[in-house]
Protein chains: 2
Amino acid sequence: MRFAIIGIGLIGGSFAKGIKRLHPTAKIIGIDNNASHLEEALQLGLIDQKGDYEKLPEAEMVIMAIPVDVAVKELPKVLDSIGDDCLVFDVGSTKSLVCESVENHPKRRNYLACHPIAGTEFSGPSAAFDGLYEGKTNIICEVEKTAFKLQEKALELFQGLGMRIRYMNPESHDKHIAYVSHLSHISSFMLGKTVIEEEENERDIFDMAGSGFESTVRLAKSSPDMWAPIFEQNKANVVKSLEEYIKNLESFKQLMEENDFEGIHSQMNNTNRIKQILKGIPLGSTK
Amino acid sequence: MRFAIIGIGLIGGSFAKGIKRLHPTAKIIGIDNNASHLEEALQLGLIDQKGDYEKLPEAEMVIMAIPVDVAVKELPKVLDSIGDDCLVFDVGSTKSLVCESVENHPKRRNYLACHPIAGTEFSGPSAAFDGLYEGKTNIICEVEKTAFKLQEKALELFQGLGMRIRYMNPESHDKHIAYVSHLSHISSFMLGKTVIEEEENERDIFDMAGSGFESTVRLAKSSPDMWAPIFEQNKANVVKSLEEYIKNLESFKQLMEENDFEGIHSQMNNTNRIKQILKGIPLGSTK
C-alpha cells in the first residue's frame, strides 16, 4: 500500500509510525516544504522516500498534516493531483474553511475532513511517536460527502490506530473546539507571558515554580506557526470564548476586591466538578 | 524520635511517609479536626496514634499542614504548648501573615517558616505518598529568627527528603508565588468554569477535550478549603497578578479583532521561551 504524507512533523510523523506498524510493507512518500524536516523524517525512517505533488498519483491514501492556512490553499491542488480511488484526509484543528475550500471540487468525494484530538506541545519529525492516537477522539465532519468506500478505508486505519470516532458538522466542531482546545492554548500562552514579564523584575522567580505552574503553562510551548492560523480561521468562536473567560476572571477579581471569599470558595467548589468530567475524557499519553 | 503532624492530608501525610522511611522507629502523633481523615491516616499507617494539643509537649518536631487561615490562629497556641527544644514548622503557601502572627511570641525561635513547592491536585490522607518532596524547592523565610540548632534539625529532615532549600523574606515570597502558583490556580479554575458554562448548552463538548485541556485545567481540581484562604491572605499580590494576566488576555483579544495575526504569532513566539525556563525547574512527579 502506498501512502503520501504532506507535512511530516509530530502529527504526520506519528501517523507514519502507526501505518508502518499496521502495514509493514507500506511505502510512505513524504512531502514537506521544510527540507531539513523532510531529510530528518527520512533518517528517522518515518518515510521511505522524499517526494512532491508529482508523486501523488501513485498514492492510495494522502494525509495532510500542515497548518490550517496552508491546508485550505493546498487541498484543492492535492485533489487535482490524485487518482480516482485515492483517499485524502486532513487533521486540522478548524474544519469550516477547509470544507468550504473544496465544497464544489469535482473530487470532493475523495476527501474526508478529520480532526484527531491528539498532540503534544512538541513539534517536528523527532517528536513523532507511535501510540499518539491510541484511545484518542477523531472528529469527522461532513462524512456524507465522502465516497463510502473511502470512508471505510479511513475508518480501518483509524480503528487500527485505536481512535474513537465522533461525527459532527464543521460549524459545531469549530464552535466547541474553541472552548476545549483553542482557549486553553491562549490561557496558557498569556499565563506564560504574564509570568515572564514579572520575571524581568525578579530573575529567580522561576526557582519558585512547581508542577502546578508547569501543567498550566505547558501549552505555551506550542508552535506559533501552527496556532496563529488556527486562531485566525476560528476568530469569531475564539474571541467569544476569550470574552467569556475574561468575564469570569474579572468577576473572580471583583469577588476578591470585595473580600467575598465565600463567593470565591463556592465558585471553586462548583468548578471542582471538572474532576468527574475529566474522568470521562480519553486522554491517553501526553508524552 | 517523636513527631506531631497537625493536618494529616496530602502534605502532612507525605511528610509522615518520608519520616517513617528516614526514621523507622519514629512515633508520629496525628492531630486533625477532621475525625474521618484522622482515622483514615491511622488505618493507612501514616500516624501511630491520634492526639490533640495536650500531646504536643511530647513532640520533638511539630509539622503544621493546615489551611493558612487556620495556621495563623493555631501557630501561637501550638508554640504555647510545645517543649523548649521542639521545632515547629508550617508549610503554607503564604508567609507574611503567619510570620507576623508569632513575631513577638516568646517561643518565636522554635518556629521555622517554610513553603515546600510541592503538591498534587488531590487531597486527603489517601493522596499522600513518599517522594512528593524529592527534588522540590523548599522556601524558608526569616531563617535568622529560628534557633540555630532547630534550623539544623529541620535541614536534616528536608535534605533527607531530597529537597533543595531557598531563603527569602516573607514579602518577596508572597509577591512572587502569586505569579508562579496562585495565578495558575485562578487561570485554571476560571478556564474550567468557562468551559463548564458552555457545556450546559452542549452536553458532549467534553467528548472533544484532549490532553491539552486536561493539563491547563488540572489545578481546577484543587481544594477550595485550602485555596480560598490563600487568595485572601495574599489578596494584594494575587489581584495585581490577575490584573496583568487579564490585561494580556485583553490585548491578545484586541490583536485578534484587529486581524493582527503577525502580532499574535510574535507574542506566542516570545512566550515559547518558557520551554527553556521550564527545563530549569525541578518539577519532579506531579503524580
Measure the [atom1]-[atom2] distance between [X] and [Y] for me, rounded to the nearest 0.5 Å.
X: A:L249; Y: B:L242; atom1: CG; atom2: CG; answer: 6.0 Å
X: A:E232; Y: B:D260; atom1: CD; atom2: CG; answer: 10.0 Å
X: A:K221; Y: B:Q276; atom1: NZ; atom2: CD; answer: 10.0 Å
X: B:M208; Y: A:H176; atom1: CE; atom2: NE2; answer: 7.0 Å
X: A:N269; Y: B:W227; atom1: CG; atom2: CH2; answer: 16.0 Å
X: B:M190; Y: A:E250; atom1: CE; atom2: CD; answer: 12.5 Å

Whether the side chain of [X] engages the backbone of [Y] through a donor-acceptor N/O pair (distance < 3.5 Å, no angle test) should be reported.
X: A:N248; Y: B:K193; value: no
X: B:S215; Y: A:S215; value: yes
X: B:Y245; Y: A:S187; value: yes

Is it true that, when you exclude A:E262 itself, more than 12 heavy atoms of the residues, nucleotides or ligands shown sit nearer than 6.0 Å to its CD? no
A:N33 atom CG, over 12 foreign heavy atoms within 6.0 Å: no
Residue, of [options], that accumulates the most heavy atom pairs under 4.5 Å with chain B:
options: A:H173, A:E257, A:E244; answer: A:E257
options: A:S266, A:A236, A:A228; answer: A:A228
options: A:V195, A:L191, A:D225; answer: A:L191

Taking the side chain as everything from C-beta on, heavy atoms only, tell me whether [X] gets closer than 4.5 Å to [Y].
X: B:F213; Y: A:I117; result: no
X: B:T216; Y: A:R218; result: no
X: B:R164; Y: A:D207; result: yes
X: B:K235; Y: A:N259; result: yes

Against chain A, label [X] side chain, backbone, both or neither, depending on which of its atoms sit under 4.5 Å from a heavy atom there.
X: B:I186; result: both
X: B:L219; result: side chain
X: B:H185; result: neither

Could you go through the ring pair (Phe, Tyr, Trp, His ring centres under 6.0 Å) check for B:F252 and A:F231 one step at a time? CA-CA 11 Å; B:F252 191 96; A:F231 296 140; 5.7 Å; yes
Under a 4.5 Å heavy-atom cut-off, does chain B meet the side chain of A:I274, its backbone, both or neither? both
Among B:S223, B:P224, B:S222, the one residue meeting side chain to side chain contact (heavy atoms under 4.5 Å, CB included) with A:M268: B:P224
Do B:E121 and A:K275 sit within salt-bridge range, that is, some charged N less than 4.0 Å from a carboxylate O? no
Restricting to non-hydrogen atoms, name the atom on B:I196 and the atom on A:T271 that form the minimum distance, rounded to 0.1 Å. CD1-O, 4.1 Å
How far apart are the closest heavy atoms of A:G119 and B:S211, and which atoms are they? O-OG, 3.9 Å
Apply salt bridge (charged side-chain N to carboxylate O under 4.0 Å, His left out) to B:R273 and A:E199, showing your working. CA-CA 12 Å; B:R273 213 191 111 213; A:E199 184 218 16; 2.8 Å; yes
For chain A, which of B:N270, B:I139, B:I264, B:V239 has the most heavy-atom pairs under 4.5 Å? B:V239
